[in-house]
Visitor: 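Before I ask anything, let me first share the structure, which is written out below as structure tokens.
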Amino acid sequence: MWLGEQRAVPPPVEAYLRLFTAAPEATRLAEVQRLSESELTMRDGMYAVEYYSNDTGQTLVGYGFVIFDAGKVYGGDPFGGTYNGEYTFDPATELVNVRIKLTFPPGAQAVFGAGPPYEWSVEATTSFLPQTTVGNALLVTTLGQTVNVSFRFIRPMPEAA
């Protein structure tokens, strides 16, 4: 829209472009490289997740929200489950690797089956392409259970005031 003159270029963008074009070629190349590498990192923000598992012999499903924010993962579902963990970007594979602890309230029905009459947790891992807006991933728990996860990027996190 800027190039088609349908919208004015914002003043901060104009200032950046003036500095960029005035910089020596080596500096411009380094900046392009930096921007290219940053495109491969995780898209922080809010994701809607739906998940299902057949590990119990029947298909059990659930849904919730997960937030990725500066290496941390947290979220929950409407049934009282909470998600807390961390993620790292692996430049060699270009995947985001997620380690997460899933905590459930007493007696909660998880996609792994009915839970005990006390709060319980399980740790799990998954990997996926970081710039995917809609996708699927396989979550594997430390107990060997598998959960199919469908995710959808909702929005970036709001800027701090």
Side-chain angles (χ1 to χ4, degrees), residues 1-2 7 10-13 16 30-161:
M1 293 175 86
W2 298 339
R7 217 173 250 231
V13 173
Y16 173 82
E31 178 69 356
V32 168
Q33 179 67 29
R34 183 189 69 80
L35 291 171
S36 296
E37 289 171 359
S38 69
E39 289 176 10
L40 297 175
T41 60
M42 181 62 194
R43 178 185 293 167
D44 281 353
M46 183 182 298
Y47 290 75
V49 293
E50 296 179 13
Y51 36 87
Y52 69 92
S53 178
N54 297 320
D55 283 358
T56 63
Q58 61 179 337
T59 301
L60 298 173
V61 299
Y63 61 93
F65 285 93
V66 178
I67 294 173
F68 288 82
D69 187 23
K72 301 294 182 196
V73 180
Y74 50 94
D77 63 39
F79 312 106
T82 59
Y83 320 134
N84 291 289
E86 56 191 30
Y87 70 88
T88 56
F89 175 72
D90 183 349
T93 63
E94 297 186 356
L95 293 173
V96 169
N97 298 313
V98 180
R99 294 184 55 82
I100 193 162
K101 181 178 180 180
L102 311 165
T103 303
F104 305 95
Q109 174 80 27
V111 293
F112 319 117
Y118 48 82
E119 182 177 281
W120 59 287
S121 298
V122 64
E123 293 185 8
T125 59
T126 191
S127 297
F128 61 93
L129 291 170
Q131 292 297 316
T132 305
T133 301
V134 176
N136 297 298
L138 184 65
L139 188 73
V140 180
T141 73
T142 51
L143 303 174
Q145 300 155 314
T146 58
V147 178
N148 296 289
V149 179
S150 297
F151 60 89
R152 181 171 46 94
F153 180 75
I154 301 294
R155 59 171 283 186
M157 295 303 296
E159 296 293 326

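Because only heavy atoms are used, hydrogens play no part in the values below, and waters and symmetry mates are left out as well, while side chains stay in.
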Visitor: Give every donor-acceptor pair under 3.5 Å between a side-chain atom in residues 100-121 and any protein atom, sequence neighbours left out.
Guide:
| from | atom 1 | to | atom 2 | distance (Å) |
| --- | --- | --- | --- | --- |
| Thr103 | OG1 | Ser121 | OG | 3.0 |

Visitor: Heavy atoms only: give me the nearest Phe153-Gly45 pair and the separation to one decimal.
Guide: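 It is CE1-CA, 4.1 Å.
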Visitor: Applying salt bridge (charged side-chain N to carboxylate O under 4.0 Å, His left out), name anything that partners Glu86, two or more places apart in sequence or on another chain.
Guide: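 Applying salt bridge (charged side-chain N to carboxylate O under 4.0 Å, His left out) to Glu86 gives none.
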Visitor: Which pairs count as salt bridge (charged side-chain N to carboxylate O under 4.0 Å, His left out) when at least one residue sits in residues 127-140, sequence neighbours excluded?
Guide: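 Qualifying pairs, neighbours excluded: none.
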Visitor: Only pairs under 3.5 Å count here: list side-chain donor-acceptor contacts from residues 142-151, not counting sequence neighbours, and write none if there are none.
Guide:
| from | atom 1 | to | atom 2 | distance (Å) |
| --- | --- | --- | --- | --- |
| Gln145 | OE1 | Thr141 | OG1 | 3.1 |
| Thr146 | OG1 | Asp55 | OD1 | 3.3 |
| Ser150 | OG | Asn136 | OD1 | 2.8 |

Visitor: For the residue pair Leu129 and Leu95, establish whether any side-chain heavy-atom pair is separated by less than 4.5 Å.
Guide: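 Leu129 vs Leu95: side chains touch.
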Visitor: Check each of Phe65, Tyr83, Phe68 against Tyr47 using the ring pair (Phe, Tyr, Trp, His ring centres under 6.0 Å) test, and report the only one that passes.
Guide: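 Exactly one pass, corresponding to Phe68.
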Visitor: Sorted by first residue and then second, give each salt bridge (charged side-chain N to carboxylate O under 4.0 Å, His left out) pair with at least one member in residues 130-158; sequence neighbours left out.
Guide: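 Listed once each, the pairs would be none.
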Visitor: Run the side-chain hydrogen bond (donor to acceptor under 3.5 Å, both in side chains) test against Asn84 and tell me which residues pass, sequence neighbours left out.
Guide: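 Once residues adjacent in sequence are excluded, Asn84 has no partner under the side-chain hydrogen bond (donor to acceptor under 3.5 Å, both in side chains) criterion.
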Visitor: Does Tyr87 use its side chain to pair, donor to acceptor, with the backbone of Arg99 at less than 3.5 Å?
Guide: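 No, Tyr87 side chain to Arg99 backbone: no donor-acceptor pair under 3.5 Å.
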Visitor: Please check if atom CZ in Phe79 has more than 12 non-hydrogen atoms from other residues, nucleotides or ligands closer than 6.0 Å.
Guide: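 More than 12 within 6.0 Å, yes.
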Visitor: Measure the CG-CG distance between Asp69 and Asp44 for me, rounded to the nearest 0.5 Å.
Guide: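 With rounding to 0.5 Å, CG (Asp69) is 5.5 Å from CG (Asp44).
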Visitor: I need the minimum non-hydrogen distance between Leu138 and Thr126, along with the two atoms involved.
Guide: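 Residues Leu138 and Thr126, closest heavy atoms: O-OG1, 2.9 Å.
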